[in-house]
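Here is the naming used below: chain letters follow the sequence lines, and residue numbers restart at 1 for every chain.
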Protein chains: 2
Amino acid sequence: MSIQARKERERAERERRIITTARELAEAEGWDAVTTRRLAAEIEYSQPVLYSHFKGLDAIMAVVAVEGFAELAQLLHEARVGATTPEQAVERVGRAYSDFADAHPALYEAMFIRAVDLPFATPQAPEALQAGYGELREAMSPLAGDDNVDVLTETFWGGLHGMVTLQRSRRLNPSTYGACIDLLIKRFIG
Amino acid sequence: MSIQARKERERAERERRIITTARELAEAEGWDAVTTRRLAAEIEYSQPVLYSHFKGLDAIMAVVAVEGFAELAQLLHEARVGATTPEQAVERVGRAYSDFADAHPALYEAMFIRAVDLPFATPQAPEALQAGYGELREAMSPLAGDDNVDVLTETFWGGLHGMVTLQRSRRLNPSTYGACIDLLIKRFIG
DNA sequence: ACTGAAATTCTAGCACCGCTAGCGCATCTG
DNA sequence: CAGATGCGCTAGCGGTGCTAGAATTTCAGT
């Protein structure tokens, strides 16, 4: 059975290489540069090999997205537990979200702009995604008051997402972006 | 000069037909269905004709987007002037924006998600776009208080845009979407 | 150790994309 | 009526995601 174990291990390694190569390529040159031919050349296999691991290019992007969900969830968690007041928690979480989007634009794109075939607001959603949402929710919860916590969480998330996407597509005045994030947070703390 | 006038008129009509066909096709089947071959077939000319009118497919989408800016600006204006209080103005404008996005998803996509080659937060931006922003700004202005009006306007816009885009890509719980819009507006009125 | 079977990887190709060079025809000018 | 001009066409380039089927490698049974 050792020989089969080796093959499985090598196959898993190749799959990892596909994913990390896709992510690196996307972060370096954007998702448009991540083509099946390019990816295949990069891992030094032929195109059809990709399809023995994934259903298609979208599925590869989805796996990268899930990786991103995990990293974001971790960052949001650290931001939240590092706060001393509920208000500070919201502020830190909001800033962590915005910073993450700025630091990893391609990753953010896979997570929240492209890759529609992932389930989102359901129990079938990836665990890491639910964890990230949970961090946001946990931060908002003490400040909900009469408002429904999920509505509040989704709205705050929507606000952050909107700022992030308008900023990244150069639709906002760049010089006021920071002030906008500040104001958004203020409106959800008050 | 009458013969040349006729030719110019016919050429302008053909250009209009390209634009309206692109928009109709996009609204009916999404922008992915708007290909040069499809568009050419629809207007009953060959592909290269498109390039005698526009630099490329992106330019066609940009023209559709500008059309959308004008329509949105008109809707926002009507919403704003139909209000009796500053708070109601913000509420009506916010709802008009969200309703517009829901009613014309492909148009909204061209305006605020794709088509990056249009100038946005500068004086070179299309007039209709500036007009739309102006309506938003006018609505927010009375409620700015100590906050910078442009920062407030961009932030409110960002919030709306975020809700709209997360909703359209099915990343939100559909049953709470309305409540989220309500809450967002409330947070910017209070 | 050798041969047939099974699994794996490759080459080659499909149908499509945006875009363009350059030919042929229709129209206008002298 | 001949030549020049401009317009729309056919055909093609290099690219895309994806796949059928050949070829190679690896395994299993005698």
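Ion pairing of B/Arg38 with B/Glu42 is present here, as a side-chain N (NZ or NE/NH1/NH2) and a carboxylate O approach within less than 4.0 Å. Residues B/Arg187 and A/Asp147 are paired through a salt bridge, judged by an N-O separation under 4.0 Å between the basic side chain and the carboxylate.
The distance between atom NE2 of A/His53 and atom C1' of D/dC18, rounded to the nearest whole Å, is 16 Å. In this structure, A/Leu50 places its CG atom 15 Å from C1' of C/dT11, rounding to the nearest Å. Following rounding to the nearest Å, B/Tyr45 (OH) and D/dC9 (C1') show an atom-to-atom distance of 12 Å.
Figure legend: cation-pi geometry between B/Arg170 and A/Phe120 absent, as NZ or CZ is not positioned both under 6.0 Å from the six-membered ring centre and within 45° of its axis.
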| query | Do B/Arg37 and B/Thr35 pass the side-chain hydrogen bond (donor to acceptor under 3.5 Å, both in side chains) test, and can you show the C-alpha distance, the side-chain angles, and the key distance before you say yes or no? | reply | CA-CA 5 Å; B/Arg37 282 169 178 82; B/Thr35 68; over 6 Å; no

| task | Could you walk me through whether A/Arg95 and A/Glu91 pass salt bridge (Lys or Arg N to Asp or Glu O under 4.0 Å), step by step? | result | CA-CA 6 Å; A/Arg95 248 178 257 288; A/Glu91 181 182 342; 3.0 Å; yes

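Proximity of the aromatic rings of A/Trp157 and A/Phe112 is defined here by a centroid distance below 6.0 angstrom, and this criterion is met.
For DNA chain D, the residues of residues 8-38 of chain B within the heavy-atom distance limit of 4.0 Å (strictly under) are B/Arg14, B/Arg37, sorted by number.
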| note | For nucleotides 20-30 of chain C, 5' to 3', base contacts (B), sugar-phosphate-only contacts (S) and non-contacts (-) with protein non-hydrogen atoms under 4.0 Å give BB------S--

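Residues satisfying the salt bridge (charged side-chain N to carboxylate O under 4.0 Å, His left out) test with A/Arg17, not counting sequence neighbours, are none.
B/Tyr108 and B/His161 form a side-chain donor-acceptor contact under 3.5 Å, judged by distance and modelled atom types alone.
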